[in-house]
There are 2 protein chains.
Amino acid sequence: MIRIVIAEDQQMLRGALTALLKFEADIEVVAEVSDGQAAWEVIQSEQPDVCLLDIEMPFMNGLELAEKIRTDALLQSCKVVIVTTFARPGYLQKAIDAKVDGYLLKDEPIDYLIESIRKVIKGERVISMDLAATLFMKEENPLSLRETEVLRLAKSGLTTSEICNELFLTKGTVRNYLSSAIQKLESETRQQAINTAVQKGWI
Amino acid sequence: MIRIVIAEDQQMLRGALTALLKFEADIEVVAEVSDGQAAWEVIQSEQPDVCLLDIEMPFMNGLELAEKIRTDALLQSCKVVIVTTFARPGYLQKAIDAKVDGYLLKDEPIDYLIESIRKVIKGERVISMDLAATLFMKEENPLSLRETEVLRLAKSGLTTSEICNELFLTKGTVRNYLSSAIQKLESETRQQAINTAVQKGWI
DNA sequence: AAAAGCTTATGACACATGTCATAAGCTACA
DNA sequence: TGTAGCTTATGACATGTGTCATAAGCTTTT
């Protein structure tokens with residue numbers, strides 16, 4: 001019997017997945033939760049064979065959670081499958097770094113998900129077809145730590161002076177970071193830079 | 001027998017819904033499609049009792065589709081239920097204008113969806129609890145047509161001069177529109193104005 | 001030890017952005 | 001027939017933004 005925990009914040013999808021997985025004779029859904037914190041608690045207490053994790057969840061996202069599971073000595077045999085809407089290279093990279101066993105898009109059929117669960121139990125790794133392509137086309141995030149930070153703040157609508165107050169930098173420095181971020185992302189304005197960075201999953 | 005068409009672009013959720021609705025004795029899923037255009041075609045040919053429509057779909061969104069269904073003489077008896085992730089007042093307003101029969105969030109349990117299908121068939125209207133609240137707290141979109149247009153273009157990263165080329169206006173005019181949009185949205189920069197407008201579903 | 005790259009900073013320049021006052025033409029509504 | 005609101009426009013002003021040259025201190029890698 002494959003024991004599974006489902007962490008997905010969208011109730012309709014979570015309920016539907018749980019309902020359908022219950023029809024599989026070899027699968028048992030031991031818990032279904034809607035946020036990262038609750039997921040972490042139930043994973044520790046239940047020690048499931050497989051965790052299905054959404055990325056965007058309250059309190060703790062699926063990638064951070066995957067990282068925590070991988071570095072916990074008691075959870076070495078627990079397989080991790082990320083299930084997400086987003087085909088962002090940045091997300092995929094983080095998932096690979098966290099050594100997840102599967103990375104599926106919500107745009108896959110459920111049968112593929114079920115099949116994938118059985119595969120990761122056997123020690124195989126699974127990845128959505130669409131994503132296998134982005135793996136090869138993968139672009140490294142060209143932004144430095146500070147550039148990323150500054151751009152993230154710019155995204156939330158802060159002006160240069162507000163950003164420099166936030167990070168205890170001078171205006172000039174912040175403008176320099178934004179300038180180089182804009183150039184690295186081949187954009188012309190901060191807005192465009194923000195758009196591409198979001199789209200690539202870099203901020 | 002209640003005949004249903006499901007239009008939802010996320011395959012996993014669409015498949016799950018279809019699978020679960022098939023267990024209901026009084027419900028028949030006559031078609032499931034992944035974009036607005038395909039939905040429109042199948043709705044015309046199948047004449048279903050109920051359409052479940054996602055909002056964000058390729059080719060035609062669910063709100064435009066709802067509008068088309070409501071204005072088609074042959075589809076007067078077809079009930080429309082919007083099922084979406086987003087609790088944006090702007091979306092809800094458009095849905096109400098299109099006289100939809102139901103507006104549910106994907107954050108509801110499936111049982112509620114099934115129950116809602118039976119209710120709209122009886123002529124009732126259904127709306128998610130969370131949304132009933134926003135209905136009362138509803139804020140009117142304070143932006144004029146032009147202001148909305150200009151802000152939408154700004155959102156995609158265009159500079160003032162690019163926007164004025166796009167709309168055949170002078171730079172000064174575009175700046176005035178942005179300025180008044182920023183003030184109406186109680187923001188300080190175009191970026192902040194864009195953020196709040198997106199969040200309210202106004203652009 | 002040298003090279004490369006990140007972090008921080010300054011000053012200067014050109015241009016973009018946001019505000020304000022003002023105004024003319026238009027539509028819709030009372 | 002006003003009056004209100006939208007659309008369009010101009011000029012002026014202050015401030016914000018993006019680029020460039022330059023540089024010092026720091027860590028990491030070769």
Side-chain angles (χ1 to χ4, degrees), chain A residues 90 93-94 97 138-203, chain B residues 90 93-94 97 138-203:
Chain A
Q93 186 56 55
K94 282 185 199 125
D97 292 344
K138 183 189 62 143
E139 292 169 72
E140 274 306 313
N141 181 350
L143 302 177
S144 73
L145 225 170
R146 272 314 211 195
E147 286 158 358
T148 307
E149 235 170 334
V150 166
L151 200 57
R152 207 197 321 269
L153 290 175
K155 180 189 159 201
S156 63
L158 301 190
T159 63
T160 307
S161 14
E162 289 167 326
I163 294 170
C164 79
N165 286 330
E166 197 75 24
L167 300 177
F168 306 107
L169 296 173
T170 61
K171 275 189 192 189
T173 306
V174 171
R175 281 196 289 158
N176 286 339
Y177 283 137
L178 276 169
S179 179
S180 68
I182 288 166
Q183 287 184 292
K184 283 179 178 177
L185 300 179
E186 291 169 308
S187 308
E188 255 125 39
T189 63
R190 60 176 72 191
Q191 178 63 51
Q192 272 171 42
I194 289 164
N195 287 165
T196 61
V198 166
Q199 188 249 309
K200 302 268 190 185
W202 290 333
I203 58 174
Chain B
Q93 186 56 54
K94 284 187 198 123
D97 293 344
K138 182 187 65 142
E139 292 168 73
E140 274 306 314
N141 181 350
L143 303 176
S144 73
L145 223 169
R146 273 314 213 194
E147 286 158 358
T148 307
E149 235 170 333
V150 166
L151 201 57
R152 207 196 322 268
L153 290 174
K155 180 188 158 202
S156 64
L158 300 191
T159 62
T160 308
S161 12
E162 288 167 327
I163 294 170
C164 79
N165 286 330
E166 197 75 26
L167 300 177
F168 306 105
L169 296 173
T170 61
K171 275 190 194 190
T173 306
V174 170
R175 280 195 290 160
N176 287 339
Y177 283 138
L178 276 169
S179 181
S180 68
I182 288 167
Q183 288 184 291
K184 284 179 178 177
L185 301 179
E186 291 168 308
S187 308
E188 255 124 40
T189 63
R190 59 177 72 190
Q191 178 63 50
Q192 271 171 43
I194 289 164
N195 287 164
T196 60
V198 166
Q199 187 250 308
K200 302 266 190 187
W202 291 334
I203 58 173

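The chains referred to below are lettered A, B, ... by the order of the sequence lines, with proteins before strands, and numbering in each begins at 1.
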Legend entry - Backbone N/O of Ser156(A) and side chain of Gln191(B): donor-acceptor pair under 3.5 Å: no
Inset, instruction - Starting at atom CZ of Arg146(B), determine the distance to atom C1' of dC26(C), rounded to an integer number of angstrom. - result: 14 Å
Inset, instruction - Establish, with yes or no, whether the OP1 or OP2 oxygen of dC20(D) is under 4.0 angstrom from a side-chain nitrogen or oxygen of Ser179(A). - result: no
Legend entry - Base of dT22(C) paired with side chain of Asn176(B) (donor-acceptor, under 3.5 Å): no
Inset, instruction - Using whole Å, report how far CD of Glu149(B) lies from P of dT7(D). - result: 9 Å
Legend entry - Value in whole Å for how far the P atom of dG16(D) lies from CG of Asn165(A): 12 Å
Inset, instruction - Look at Thr173(A) and dA9(C) and indicate whether a side-chain polar atom (N or O) is within less than 4.0 Å of OP1 or OP2. - result: yes
Inset, instruction - Round to a whole Å and report the spacing from NZ of Lys171(B) to C1' of dT8(D). - result: 17 Å
Inset, instruction - For the side chain of Arg190(A), starting at C-beta, report the closest nucleotide among dT7(C), dG18(D), dT8(D). - result: dG18(D)
Inset, instruction - Taking all non-hydrogen atoms of both residues into account, name the closest pair between Arg190(A) and Ala154(A) and its distance. - result: NH1-CB, 4.5 Å
Inset, instruction - Using the closest heavy atom to pick a nucleotide of DNA chain D for each, name whichever of Thr189(B) or Leu167(B) lands nearer the 5' end. - result: Leu167(B)
Legend entry - Side-chain N,O (Thr170(A)) to OP1/OP2 (dT10(C)) below 4.0 Å: yes
Legend entry - side-chain N/O Gln183(A) vs dC20(D) OP1/OP2, d < 4.0 Å: yes
Inset, instruction - Measure the distance from CG on Leu178(B) to C1' on dA9(D) and round it to the nearest whole Å. - result: 16 Å
Inset, instruction - Check whether any side-chain nitrogen or oxygen of Thr160(B) sits under 4.0 Å from OP1 or OP2 of dT17(C), and answer yes or no. - result: yes
Legend entry - Atom-pair distance (CD on Glu188(A); C1' on dG18(D)), nearest Å: 11 Å
Inset, instruction - Establish, from distance only, whether the side-chain atoms of Thr196(A) and Gln199(A) form a donor-acceptor pair under 3.5 Å. - result: no
Legend entry - Any side-chain heavy-atom pair of Leu143(B) and Leu185(B) under 4.5 Å: yes
Inset, instruction - Carefully, step by step, assess Arg146(B) and Ser180(B) under the rule side-chain hydrogen bond (donor to acceptor under 3.5 Å, both in side chains). - result: CA-CA 11 Å; Arg146(B) 273 314 213 194; Ser180(B) 68; over 6 Å; no
Inset, instruction - Ignoring backbone atoms, test whether Tyr177(A) places a side-chain nitrogen or oxygen under 4.0 Å from the OP1 or OP2 oxygen of dT8(C). - result: yes
Legend entry - Distance below 4.0 Å between Ser144(B) side-chain N/O and dT7(D) OP1 or OP2: yes
Legend entry - Protein-nucleotide distance (Gln191(B), atom CD; dG16(D), atom P), rounded to Å: 17 Å
Inset, instruction - Using atom CG of Leu153(A) as one end and atom C1' of dT17(D) as the other, report the distance to the nearest whole Å. - result: 17 Å
Inset, instruction - Considering just the side-chain nitrogens and oxygens of Arg175(A), establish if one lies under 4.0 Å of OP1 or OP2 belonging to dT19(D). - result: no
